[in-house]
Number of protein chains: 2
Amino acid sequence: MKRARVTLADVAALAKVDRAVVSRVVNNDPALSIRPETRERVLAAVAQLGYRPNAAARSLRTARAHMFGLFLPDFANPVYAEIIKGAEAAAAGLGCVLVTGSSTGAGLGGYMDLLGQGRIDGLLLAGAEGESELLAQLDRMAVPWLMLNRRSPAVKRYVILDDERAARLAVEHLVGLGHRRIAHLAGPEGADTALRRSAGWRAAMRDAGLPEGPIVAAGYTPAGGAAAMAALLAAPEPPTAVFVANVASAIGAMESVREAGLDIPRDVSMVAVHDLDLASYLAPPLTTVRMPLAELGRRGVELLGSLKPDDSVAEVLDGPIELIARRSTAPPVSGGPGG
Amino acid sequence: MKRARVTLADVAALAKVDRAVVSRVVNNDPALSIRPETRERVLAAVAQLGYRPNAAARSLRTARAHMFGLFLPDFANPVYAEIIKGAEAAAAGLGCVLVTGSSTGAGLGGYMDLLGQGRIDGLLLAGAEGESELLAQLDRMAVPWLMLNRRSPAVKRYVILDDERAARLAVEHLVGLGHRRIAHLAGPEGADTALRRSAGWRAAMRDAGLPEGPIVAAGYTPAGGAAAMAALLAAPEPPTAVFVANVASAIGAMESVREAGLDIPRDVSMVAVHDLDLASYLAPPLTTVRMPLAELGRRGVELLGSLKPDDSVAEVLDGPIELIARRSTAPPVSGGPGG
DNA sequence: TTGTAGGCGTTATCAC
DNA sequence: GTGATAACGCCTACAA
C-alpha cells in the first residue's frame, strides 16, 4: 500500500497510455484534446496510486518552485503574525506556498540559499538588521526580493506603510485632548520604522505649534519600553502624554508609570503604534493606531510575483490607518503630574 | 555580471576538469583523492562564477530536500515563537532549513503537498485541529511526520510536554498558599493540551484532599479568558484562586477580575501555564509555570531527522518545568471575596 | 488523439 | 587522480 515513490511512468503503465498524456492531464494542459474515457482512465490511475508530481523534477524542468519565502527577525513580535497572515493568503491565491523563517533560530543564510538555489521564487525580508553584507549579495543574485516595512539601504526594493501618517494621527489625538508636553518613546536607533514614526511625531508637533518634547529610544520590547519610560518620567518637567512607537514597548512603559506611582491616563496619557488584541485587555485598555499589516504582507507577495529581477520598487502602501481610542488617553489634568 | 544560472558544467569548463570532479570537490567527498592544485583551480572557478548547486537537480538525484516543515494554527499565539526558535536551531544543526506555515493564511494543504512532493523531508504539526481527514492521508504517505505538543488521535506519532506536571505545580503552589476553593479556567473543549492540564489540576486537588472546584472552558485567547473568568466570578461562592490553562486567556481573565471591581491577588489569586516576557509586565505581574518550549521544537526536529516512516513515537519530553512566582498569587484573605 | 525524444543539473558507478 | 556515462522524474516541441 505504502509505495515510496509513484512516478508518472507508474501511472502511465496502469492507465495504458504514454507518460506524456498523463503529464498533460495532470497539468490540465488546455491545448490538449483527449477522449473523455482516456482522461477518466488516467485520473483513476492517479487516484488509485496516490500519485503526486515530484516537485524537484518539475522545478528542474521549469525553473519555478511555486514557493515564496518570508524572513523576519523574531516570531515573538506579534505584529509579524498579521503580516504573515496576509502574505500566506496572497501566496495561496497565486497557487504558491509561503514559507516563513526567523533569525532567532537560524540565520538569514539558509533562506538566502533557498533563493540562490531556486527553491523559492522570491524572498520577502521583514527587517534584516545589520545584514548589509548579505543584502548586497542578494542584489547581485538576479532574483526577486523585497524588503517589507523597512526601506532597503542601497537599492530601491521595498514596500512600507505610512508610519509617518500613523504617528501624526496619534499626536493629533493627544493635541486634540489638550496635551502640550508630548514626549516620544521611539523605536531602536537606526531602525527605519522608528525613524519614520519619529519624523511624524516631529512634524505633527511643529504643525501644532508645540515645542518638540523629549525623545528617548528603546527596542520594541516591554523591557526596552520600561527603561525608556522611566527615563522620561525622571525628567524635571515630565510629559503629560507619550507617543510610543510600538505596542510592545508600550506594555513595558505602562508598568514603569505604575512603578512611579502615577496613573494612566490621569497623570500620563499614552498612545502606541499597532493595534493588537491584547491592547484592549491591558490596564487601562491602550489607545493605539491600527495599520494595515496583513495588507502589507499581501502586497509584498503580489509584487514578488510580478517583479523582474532588475525592477525597482519603492511603495508606500495606501491602506486604512485609524486611531483606536481606548482608555489610556484623556485630557491632561492642569498642572500635570506632581502639580 | 548577473548570470541567471551557473551550472556545474560552467565551472568544469573554466577549471578544465570534468563535472564529476567539481561535484566531488563541492560536496567534500571524503573518498576523493585529488591533486591540491586541481582542487585549488576548481575552488577558484566556483568562487569566480559564484556557483551554487541547484537544489532541484540535487533533490531529484538524492531524494533529499534538506528541509523540514513546521505547521501551526496561528503565529499570533506567542508560545509558538519559542517552539519555532528551538526547531529552527535544531534544523540548522542538521544542515537543513526549517520552513514554518500557519493555517490562518492558507490551509494545511500546501504543506502536505510539500511533504508529498518530497520538497520537505519531514513535517511537524503543532495542532491541526479538525484536520483528521488530512491526518489520515498523512499516515498513508510513508513519510516522516510528527505532532508537537498534542497527541495524535490514531497513530502514535507525537512529542508532548508534561502538562499534567505543570498543572500540579501550579495547583500545589496555590494550595501551599492556603487556598481551598481553586477554580480551573481550562483550554478549549477537546484540545489535547487542555485535557492534560485539566487532569493535572484534578489530580492535584484530589491529592490535597480538596473538593474539585468549578471548571469552565475557553479558547486560548484574551477574549475567551475574559468571558470564562466572568462566569467563574458570577458563581454563588466564587473561588479564591484560579488555575488558568494558558497565559493568553489569563490576560483576559485579569481584565474580568478588574471589571468586577476585585483585586488580584487580594480577592483572587491567579496562575497560568507558559511563561512569556509579557507576564512580568502585566498588572500585577503574573505568576506562571515555565515549560521548555524551545526544547520541544528542538526535539521534534531531531526525531523527524531520525525517524523511519513506520516508526511510532510517543514521547513526553523530560525538561525543566518551574513555577515563576510573581505578584498575582498570595494567601487568601479569610472569608474570600465578599466576606 | 496520442506517442517520441531530448534535456533540465546533479550524483554515483564505472572505467581509464 | 580524473573522465565518461547513466540515471533521477518531469515537461514540451514535434511527429505520427
Side-chain angles (χ1 to χ4, degrees), chain A residues 3-43 45-46 49-67 95 113-114 116-119 121, chain B residues 3-43 45-46 49-67 113-114 116-119 121 143:
Chain A
R3 292 193 46 104
R5 191 120 238 136
V6 180
T7 78
L8 218 45
D10 299 326
V11 178
L14 180 60
K16 297 195 193 308
V17 294
D18 191 87
R19 300 173 339 196
V21 178
V22 180
S23 172
R24 281 126 143 174
V25 168
V26 167
N27 291 12
N28 278 321
D29 183 348
L32 163 67
S33 58
I34 187 177
R35 209 171 309 168
E37 61 201 68
T38 312
R39 156 170 272 137
E40 253 348 288
R41 248 190 6 256
V42 171
L43 257 22
V46 165
L49 263 35
Y51 167 73
R52 284 155 139 3
N54 177 310
R58 182 178 273 182
S59 286
L60 182 56
R61 190 56 231 245
T62 62
R64 292 261 298 124
H66 293 282
M67 196 150 119
D113 286 345
L114 291 188
Q117 301 170 352
R119 304 172 66 169
D121 297 324
Chain B
R3 293 193 46 102
R5 193 120 236 138
V6 179
T7 78
L8 217 46
D10 299 326
V11 178
L14 181 61
K16 298 195 191 309
V17 293
D18 191 85
R19 297 170 327 181
V21 176
V22 180
S23 171
R24 278 121 132 179
V25 169
V26 167
N27 290 11
N28 279 320
D29 182 349
L32 162 68
S33 60
I34 187 176
R35 208 171 313 170
E37 60 200 72
T38 313
R39 156 171 272 134
E40 252 347 289
R41 249 190 5 257
V42 172
L43 256 23
V46 165
L49 264 35
Y51 167 74
R52 284 160 142 355
N54 177 310
R58 183 175 270 183
S59 286
L60 182 57
R61 192 51 230 226
T62 62
R64 292 262 298 127
H66 292 281
M67 198 150 117
D113 286 345
L114 291 188
Q117 300 169 353
R119 304 171 67 169
D121 298 325
V143 112

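Proteins get letters first, then strands, A, B, ... in listed order; numbering begins at 1 in each.
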Please state whether the phosphate of [N], meaning OP1 or OP2, lies under 4.0 angstrom from any side-chain nitrogen or oxygen of [X].
| X | N | value |
| --- | --- | --- |
| A:Thr62 | D:dC11 | no |
| B:Asn54 | C:dC8 | no |
| A:Ser33 | C:dT1 | yes |
| B:Ser59 | C:dT10 | no |

Over how many whole Å does the gap from [X] atom [atom1] to [N] atom [atom2] extend?
| X | N | atom1 | atom2 | answer |
| --- | --- | --- | --- | --- |
| B:Arg39 | D:dG1 | CZ | C1' | 12 Å |
| A:Leu32 | D:dT12 | CG | P | 13 Å |
| A:Gln117 | C:dT11 | CD | C1' | 15 Å |
| B:Glu40 | D:dT2 | CD | P | 13 Å |
| B:Lys16 | D:dG1 | NZ | C1' | 19 Å |
| A:Arg24 | D:dT12 | CZ | P | 10 Å |
| A:Arg64 | D:dC11 | CZ | P | 14 Å |
| B:Asn27 | C:dG9 | CG | C1' | 12 Å |

Output the single nucleotide from [options] whose closest atom is nearest the side chain of [X].
| X | options | answer |
| --- | --- | --- |
| A:Arg58 | D:dC10, C:dT2, C:dG3 | D:dC10 |
| B:Arg19 | C:dG9, D:dC10, C:dT10 | C:dT10 |
| B:Thr7 | D:dC11, C:dG9, C:dG3 | C:dG9 |
| A:Ser23 | D:dC11, D:dG9, C:dT10 | D:dC11 |
| B:Ala20 | D:dC10, D:dA4, C:dT1 | D:dA4 |

Checklist entry - With no hydrogens and no angle check, do the side chains of A:Arg58 and A:Asn27 hold a donor and an acceptor under 3.5 Å apart? => result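 Short answer, yes.
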
Item to check | 5′-ward residue of the pair B:Ala57/B:Arg41 relative to DNA chain D | outcome: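 Its nearest nucleotide lies further toward 5', so the answer is B:Arg41.
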
Checklist entry - Counting any heavy atom closer than 4.0 Å, what does A:Leu8 reach on the DNA or RNA strands: base, sugar-phosphate only, or nothing? => result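 Counting heavy atoms under 4.0 Å across all strands, the contact made by A:Leu8 is with sugar-phosphate only.
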
Item to check | C:dT11 base / B:Arg61 side chain donor-acceptor hit below 3.5 Å | outcome: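 Under the 3.5 Å cut-off, the side chain and the base do form a donor-acceptor pair.
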
First locate atom [atom1] of [X], then atom [atom2] of [Y], and finally report the distance between them rounded to the nearest 0.5 Å.
| X | Y | atom1 | atom2 | result |
| --- | --- | --- | --- | --- |
| A:Arg41 | A:Lys16 | CZ | NZ | 8.5 Å |
| A:Leu8 | A:Asp18 | CG | CG | 9.0 Å |
| B:Arg119 | A:Met67 | CZ | CE | 5.0 Å |

Checklist entry - Can you find a heavy atom in the side chain of B:Val6 that is under 4.5 Å from one in the side chain of B:Arg52? => result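 With C-beta onward as the side chain, the pair stays apart.
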
Checklist entry - Side-chain contact, heavy-atom cut-off 4.5 Å: B:Asn54 with B:Thr7? => result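 No, too far: nothing below the 4.5 Å cut-off.
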
Checklist entry - Taking the nucleotide of DNA chain C with the closest heavy atom to each, which residue, B:Tyr51 or A:Ile34, is nearer the 5' end? => result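 Nearer the 5' end of the strand: A:Ile34.
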
